[in-house]
Novice: 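Submitted below is the structure of interest, expressed as structure tokens.
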Amino acid sequence: MLREVKPRTARTARILKSRDAKPIEDRKKTLLLHGPKCPPPLHSVLKTIHTLTRPHSVLLTKKNENIHPFENVDSLEFLAGKNECGLVVWGSSSKKRPNGVTILRIFDGRVLDMVELLLLPADSGGEGRKLPVGVEMKPMILFAGSVWGDTSTSEMAQTYSMVKSLFLDVFSGEEVRSIDVEGLQYLLMIAAGEPENGQNPMVHLRWYKVRTRRSGQKLPRVELDEVGPTFDFRVGRTKEADAAVMKEAMKKGRGLDEDFRSKQKNVGMDTVGDKVGRVHLSRQDLGQLQTRKMKGLKRGAALTGEKDMADGMEIDEVSEDEPAKKPRLA
Amino acid sequence: MSEAPPQSTLVPAVSKPDRQPVTVSKPTPYTFDLGHLLATDPNPFPSTSDITNRNELLRSTARDGAQSLLNELLSTRPITSSLDGLTLSLPPTTTQLPRWKPLPKPKPPTKWEAFARRKGIGKFAGAASGGAKLEDRRKNMVYDEESGEWVKKWGYKGKNKEGEGNDWLVELDEKKLKSEEKHGQPEGRNVRMEGKRERMERIRRQERRERSNARRGGKQART
């Protein structure tokens, strides 16, 4: 941020505190904005992403001059900081790169990585179709194509793994522990063809509404209806994250793993259901014991009603004709 | 889009063969990350440069993918049924996404915290010190013996402001009287407001300590 704001009221202190880093983060907000030229296809990309990520996104309507992400990211970093967004989708169109969508990720106030995707002229199938997706619905996501599963270190594999990670960040939604079966309503498919002639394959985004039908078996038969727009992108310039910065960004806090917390050494349950643990004591030096204060050890300290007892500490002669054996005092 | 005819619900399960299979088999199997409801189909997608077949190919791949994802979800995840419907529990995600802000650095302990940790006081006392007792201490309600009601401990009309200037009778403190006789009473002090003065003094002392802790702890303790 620009200047260090010192809180003067409890309210502003609370607001500043909410902006601090949290161990487990909330869902990232997306900032959508465009440059001087924003033709309808480009605008539909921005609008679609805004509809799908609402209310965790901010769509700015004014045009922004002089922003070129691959030359200077300062203004985008500033805008993302002001709007508290972790993702920026920048749309710009020029003669050289028409209908370009650049997706950037922010970490620690700086750009982490970015990818430029150039929209290709779409077939008219998707024009004017609505996206019947409710607010905060979680999409099912499918990545199709060998390029997404490629774990080699080739440049193309790294580019596409970054693209995959970015798409996941934008579209995947809130991380939930459980979901209603009714909520599995739509599917986003991101398909990439095979690389031909060493060229990066095109990326196709499609949205489908899922319908299930009875199949006479336990699992239902899935049918799809195409909804919403269709986008076909060509992958353009990329900026990969610095390895050290990425490592920092991928750090997980301690104690977030539930297994780590619940696994307590030395404590267990026995068969009855009692909590059982072992207490480890160090070796006791019996020679140093203060036996003078232990009244039971004194010779003449036999209690009334009891016969001479064998004492634990002192080695005494036990009379042989003792009728019953008294338990030895430990 | 052509609508497939809905199947009749009276279909005998045994004799009729599936016209539409429910499982999907591919040369390379799918990989799943159910925490994100994500499926990856690593099978090579045929060339997409020509537009004619493209949408159909995309749709059929999508259908297969959706089918296998739903199969995976419904067969491997535990389902609980409640009044609202069926709920699936999802596992934690396997694909990790980078954070937005760096991990918060742990704050250095305040002087009291270090002392309490050493002595085992308060929240460091052990297994018995949390739970109900801790909750009680946090709540704002205290049982007032005299009125027989629950009053607020602090805040507007809280019990900690009981004696301050609103009682018609103010008891004099014996010890304070003696010290006043010895040293002489400071000018312009009203005995009524003694309680309020003490509370304000405590608040100021606490703020002083907090500032000193903030200075020691650095900017992390700023809010």
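These values consider heavy atoms only, across backbone and side chains, with no hydrogens, waters or symmetry-generated copies. In the text below, chain A, chain B and the rest are named by the order of the sequence lines, each starting its count at 1. This is a predicted model, so every value here is computed, not measured.
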Novice: Which atoms of A:L112 are under 4.5 Å from chain B, going by heavy atoms: the side chain, the backbone, both sets, or neither?
Specialist: side chain
Novice: In terms of heavy-atom contacts, does NZ of B:K153 have more than 12 from other residues, nucleotides or ligands at under 6.0 Å?
Specialist: yes
Novice: Where on A:M189 is there a heavy atom nearer than 4.5 Å to chain B: the side chain, the backbone, both, or neither?
Specialist: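 Side chain of A:M189 only, per the 4.5 Å heavy-atom cut-off to chain B.
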Novice: Measure the spacing between CG of B:L58 and OH of A:Y208 and express it to the nearest 0.5 Å.
Specialist: 5.0 Å
Novice: Could you tell me whether a side-chain N or O of B:Q67 sits under 3.5 Å from a main-chain N or O of A:E223, the two making a donor and an acceptor?
Specialist: no
Novice: Starting at CG of B:L34, measure out to CE of A:M140 and round the result to the nearest 0.5 Å.
Specialist: 11.5 Å
Novice: Side chain, backbone, both or neither: which part of A:P139 has an atom under 4.5 Å from a heavy atom of chain B?
Specialist: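 Contact with chain B involves the backbone of A:P139 alone.
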Novice: For A:V222, does its backbone N or O pair with a side-chain atom of B:R63 as donor and acceptor, under 3.5 Å?
Specialist: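 Looks like yes, one N/O pair under 3.5 Å.
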Novice: Considering residues, nucleotides and ligands other than A:R110, do more than 12 of their heavy atoms fall under 6.0 Å from its CZ?
Specialist: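 Atom CZ in A:R110 is not crowded, with 12 or fewer foreign heavy atoms closer than 6.0 Å.
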Novice: Output the distance between atom CG (A:L87) and atom CG (B:L97), rounded to the nearest 0.5 Å.
Specialist: 9.5 Å
Novice: Please identify, among A:A241, A:P201, A:S178, the residue contributing the most non-hydrogen atom pairs under 4.5 Å to chain B.
Specialist: A:S178
Novice: Decide yes or no for A:L184 and B:L88: does some side-chain heavy atom of the first lie under 4.5 Å from some side-chain heavy atom of the second?
Specialist: yes
Novice: Report, as yes or no, whether the 6.0 Å neighbourhood of atom NZ on A:K251 holds more than 12 heavy atoms from other residues, nucleotides or ligands.
Specialist: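 No - once you tally the heavy atoms of other residues, nucleotides and ligands closer than 6.0 Å, there are 12 at most.
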Novice: So which atom in A:M250 and which in B:Q96 form the shortest heavy-atom distance, rounded to 0.1 Å?
Specialist: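 Here A:M250 and B:Q96 meet closest at O-NE2, 2.8 Å.
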Novice: Within a 6.0 Å radius of atom CZ on B:R192, are there more than 12 heavy atoms belonging to other residues, nucleotides or ligands?
Specialist: yes
Novice: So which residue, A:G183, A:G173, A:G86, A:G149, ends up with the most heavy-atom pairs under 4.5 Å with chain B?
Specialist: A:G86
Novice: Going from CZ on A:F143 to OG1 on B:T40, what distance comes out if it is rounded to the nearest 0.5 angstrom?
Specialist: 7.0 Å
Novice: Relative to chain B, which segment of A:R206 carries a heavy atom at a distance below 4.5 Å: side chain, backbone, both, or neither?
Specialist: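 Contact with chain B: side chain only.
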Novice: Give me the atom names and distance for the closest heavy-atom approach of A:S172 to B:H36.
Specialist: OG-CD2, 2.9 Å
Novice: To check you understand the geometry: which heavy-atom pair defines the closest contact between A:E194 and B:P44, and what is its length?
Specialist: OE2-CA, 3.3 Å
Novice: Heavy-atom distances under 4.5 Å only: say whether A:V181 touches chain B with side chain, backbone, both or neither.
Specialist: both
Novice: Work out which heavy atom in A:P23 is nearest to a heavy atom in B:P104; give both atom names and the distance.
Specialist: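 So the minimum-distance heavy-atom pair works out to N-CG, 3.9 Å.
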Novice: Does A:R177 use its side chain to pair, donor to acceptor, with the backbone of B:P91 at less than 3.5 Å?
Specialist: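 No, A:R177 side chain to B:P91 backbone: no donor-acceptor pair under 3.5 Å.
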Novice: Is it the case that the side chain of A:E182 and the backbone of B:G85 share a donor-acceptor pair, with hydrogens and angles ignored and the cut-off at 3.5 Å?
Specialist: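 Flag not set: sc A:E182 to bb B:G85 has no pair under 3.5 Å.
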Novice: What part of A:K138 gets within 4.5 angstrom of chain B, counting heavy atoms only: side chain, backbone, both, or neither?
Specialist: both
Novice: Say you draw a straight line from CG of A:L142 to CG of B:L38; how long is it, rounded to the nearest 0.5 Å?
Specialist: 8.0 Å
Novice: Does the side chain of A:T212 come within less than 4.5 Å of B:L70's, by heavy atoms?
Specialist: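 Yes, at least one pair of side-chain atoms sits under 4.5 Å.
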Novice: Does atom CZ of A:R234 have more than 12 heavy-atom neighbours from other groups under 6.0 Å away?
Specialist: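 12 or below, so no.
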Novice: Is B:Y30 close to chain A through its backbone or its side chain, or both, or neither, when contacts mean heavy atoms under 4.5 Å?
Specialist: side chain
Novice: Could you check if a side-chain atom of A:F107 sits within less than 4.5 angstrom of a side-chain atom of B:P102, using non-hydrogen atoms only?
Specialist: yes
Novice: Looking at A:R221, A:K6, A:E248, which makes the most heavy-atom pairs under 4.5 Å with chain B?
Specialist: A:R221
Novice: Looking at A:D232 and B:R54, is there a salt bridge between them, counting it only when a charged N and a carboxylate O are closer than 4.0 Å?
Specialist: yes
Novice: Chain A heavy atoms under 4.5 Å from B:L86: which part of the residue, side chain, backbone, both or neither?
Specialist: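 For B:L86, backbone and side chain are both near chain A.
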Novice: Let me see the working for A:K218 and B:S75 under side-chain hydrogen bond (donor to acceptor under 3.5 Å, both in side chains), right down to the final yes or no.
Specialist: CA-CA 9 Å; A:K218 266 177 75 179; B:S75 48; over 6 Å; no
Novice: Step through the shown structure and confirm whether more than 12 heavy atoms of other residues, nucleotides or ligands are within 6.0 Å of NZ on B:K196.
Specialist: no
Novice: Is a side-chain donor-acceptor pair under 3.5 Å present for A:K164 with B:T95?
Specialist: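 The criterion, which ignores hydrogens and geometry beyond distance, is not satisfied for A:K164 and B:T95.
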Novice: Please indicate whether B:K111 has more than 12 foreign heavy atoms, meaning atoms of other residues, nucleotides or ligands, lying under 6.0 Å from its NZ.
Specialist: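 Not buried by this count: 12 neighbours or fewer within 6.0 Å.
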Novice: Locate the shortest heavy-atom distance separating B:L74 from A:P220; write the atom from each residue and the value.
Specialist: CD1-CD, 3.7 Å
Novice: For B:N71, which atoms come within 4.5 Å of any heavy atom of chain A: side chain, backbone, both, or neither?
Specialist: both
Novice: Given B:L37 and A:I141, is the side-chain contact (heavy atoms from CB on, under 4.5 Å) satisfied, shown in steps?
Specialist: CA-CA 6 Å; B:L37 295 181; A:I141 307 181; 5.9 Å; no
Novice: So, the side chain of A:E25 versus the backbone of B:W100: is there a donor-acceptor pair under 3.5 Å, distance only?
Specialist: yes
Novice: State, to 0.1 Å, how close A:L187 and B:A66 come at their nearest heavy-atom pair, and which atoms those are.
Specialist: CD2-CB, 3.9 Å
Novice: To the nearest 0.5 angstrom, please state how far the CG atom of B:D33 sits from the CG atom of A:L168.
Specialist: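 One gets 7.5 Å once the value is rounded to the nearest 0.5 Å.
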Novice: Examine distances only and state if a side-chain atom of B:K101 and a backbone atom of A:R19 form a donor-acceptor pair shorter than 3.5 Å.
Specialist: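 Pair found, side chain donor or acceptor close to backbone of A:R19.
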